[in-house]
Amino acid sequence: MPDPRETLARIRAQADAATEGPWEAEYSGEQGNCVLPPEYQSTREAVAVTRLLSAQADAEFIAAARTTVPALLDLADAVLKRHAPMPIYVLAEDCEAPDDHQHGSTPDGGDDLCWDEPTGEVLCCECRDEWGERVEHPCPDYTAITTALEGLHDA
């Protein structure tokens with residue numbers, strides 16, 4: 001599975017390289033439909049021109065994408081950050097090599113853990129089940145975002 005953060009970074013780089021928005025869709029019976037970034041003054045300078053007179057919806061979609069895509073990237077990135085994987089570690093008292101390993105309590109002052117002995121279990125930082133227990137990672141929200149991004153990996 002492609003790394004979702006790499007896919008988001010690639011799409012964000014494409015959006016950042018494009019002319020600043022918002023863009024406008026302009027319709028002209030002679031020229032067809034076009035998408036104009038703010039500093040362009042005529043359809044000859046348009047970024048995307050469709051010569052089909054019936055493609056006004058296409059031009060409007062392309063123009064809206066200039067501001068919609070960055071907003072969706074921010075949303076996807078926020079979901080991935082909130083639903084990040086959280087590895088689980090062995091309790092320090094159960095550590096097999098206490099003299100050679102690093103131990104410490106969790107950030108919330110919880111159990112003393114052995115940071116050198118992960119259990120192999122990975123939980124979601126955000127999601128909990130109906131009993132308040134953390135759920136396995138990847139959770140449904142993380143999976144929904146990464147599945148949607150898989151099709152965009154090479155786009």
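All residue numbers in this chain count up from 1 along the given sequence.
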* Looking only at atom types and distance, does a side-chain atom of Asp116 sit under 3.5 Å from a main-chain N or O of Gln102, one as donor and one as acceptor? -> yes

* Structure fact -> When rounded to the nearest 0.5 Å, the distance separating CD of Glu136 from CD of Glu121 is 6.5 Å

* With a 4.5 Å limit on heavy-atom distance, are the side chains of Leu8 and Arg12 in contact? -> no

* **hydrophobic_cluster_shared for Ile145 and Leu123, side chain cutoff 4.5 Å** => no

* Asked: Going through the distances and angles, do Asp77 and Arg82 end up as a salt bridge (charged side-chain N to carboxylate O under 4.0 Å, His left out)?
  -> CA-CA 9 Å; Asp77 193 45; Arg82 286 189 70 139; over 6 Å; no

* Asked: What distance separates Tyr89 OH from His103 NE2, expressed to the nearest 0.5 Å?
  -> 12.5 Å

* If you take all heavy atoms of Gly104 and Asp112, which pair is closest and at what distance? -> C-OD1, 3.0 Å

* Asked: Are any of the side-chain heavy atoms of Arg5 and Lys81 separated by less than 4.5 Å?
  -> yes

* When rounded to the nearest 0.5 angstrom, what distance separates OG in Ser105 from CG in Leu113? -> 8.0 Å

* Salt-bridge test for Arg10 and Asp3: reply yes if a basic N is under 4.0 Å from a carboxylate O, no otherwise. => no

* Asked: Where is the tightest heavy-atom contact between Arg134 and Glu126, given as atom of each residue plus distance?
  -> NH1-N, 4.0 Å

* **Inter-residue atom distance Glu117.CD - Asp94.CG, 0.5 Å rounding** => 9.0 Å

* Can you measure from SG (Cys114) to CG (Asp100) and round to the nearest 0.5 angstrom? => 10.0 Å

* Asked: Any side-chain heavy atom of Cys127 within less than 4.5 Å of one from His83?
  -> yes

* Just how far is it from atom CH2 of Trp23 to atom CD1 of Ile62, taken to the nearest 0.5 Å? -> 8.5 Å

* Closest non-hydrogen atom pair between Ala65 and Pro70, with its separation -> O-CD, 3.9 Å

* **Thr146 side chain near Thr7 side chain, heavy-atom distance below 4.5 Å** => no

* Is there a path from Val90 to Trp115 through hydrophobic residues (I, L, V, M, F, W, Y) whose side chains come within less than 4.5 Å of each other? -> no

* Decide yes or no for His137 and Met86: does some side-chain heavy atom of the first lie under 4.5 Å from some side-chain heavy atom of the second? => no

* **Any Glu96 side-chain heavy atom under 4.5 Å of His101 side chain** => no

* Asked: If you take all heavy atoms of Val135 and Asp129, which pair is closest and at what distance?
  -> CG1-N, 3.7 Å

* Asked: Under a single-linkage definition using a 4.5 Å side-chain heavy-atom cutoff for Ile, Leu, Val, Met, Phe, Trp and Tyr, are Val79 and Val122 assigned to the same hydrophobic cluster?
  -> no

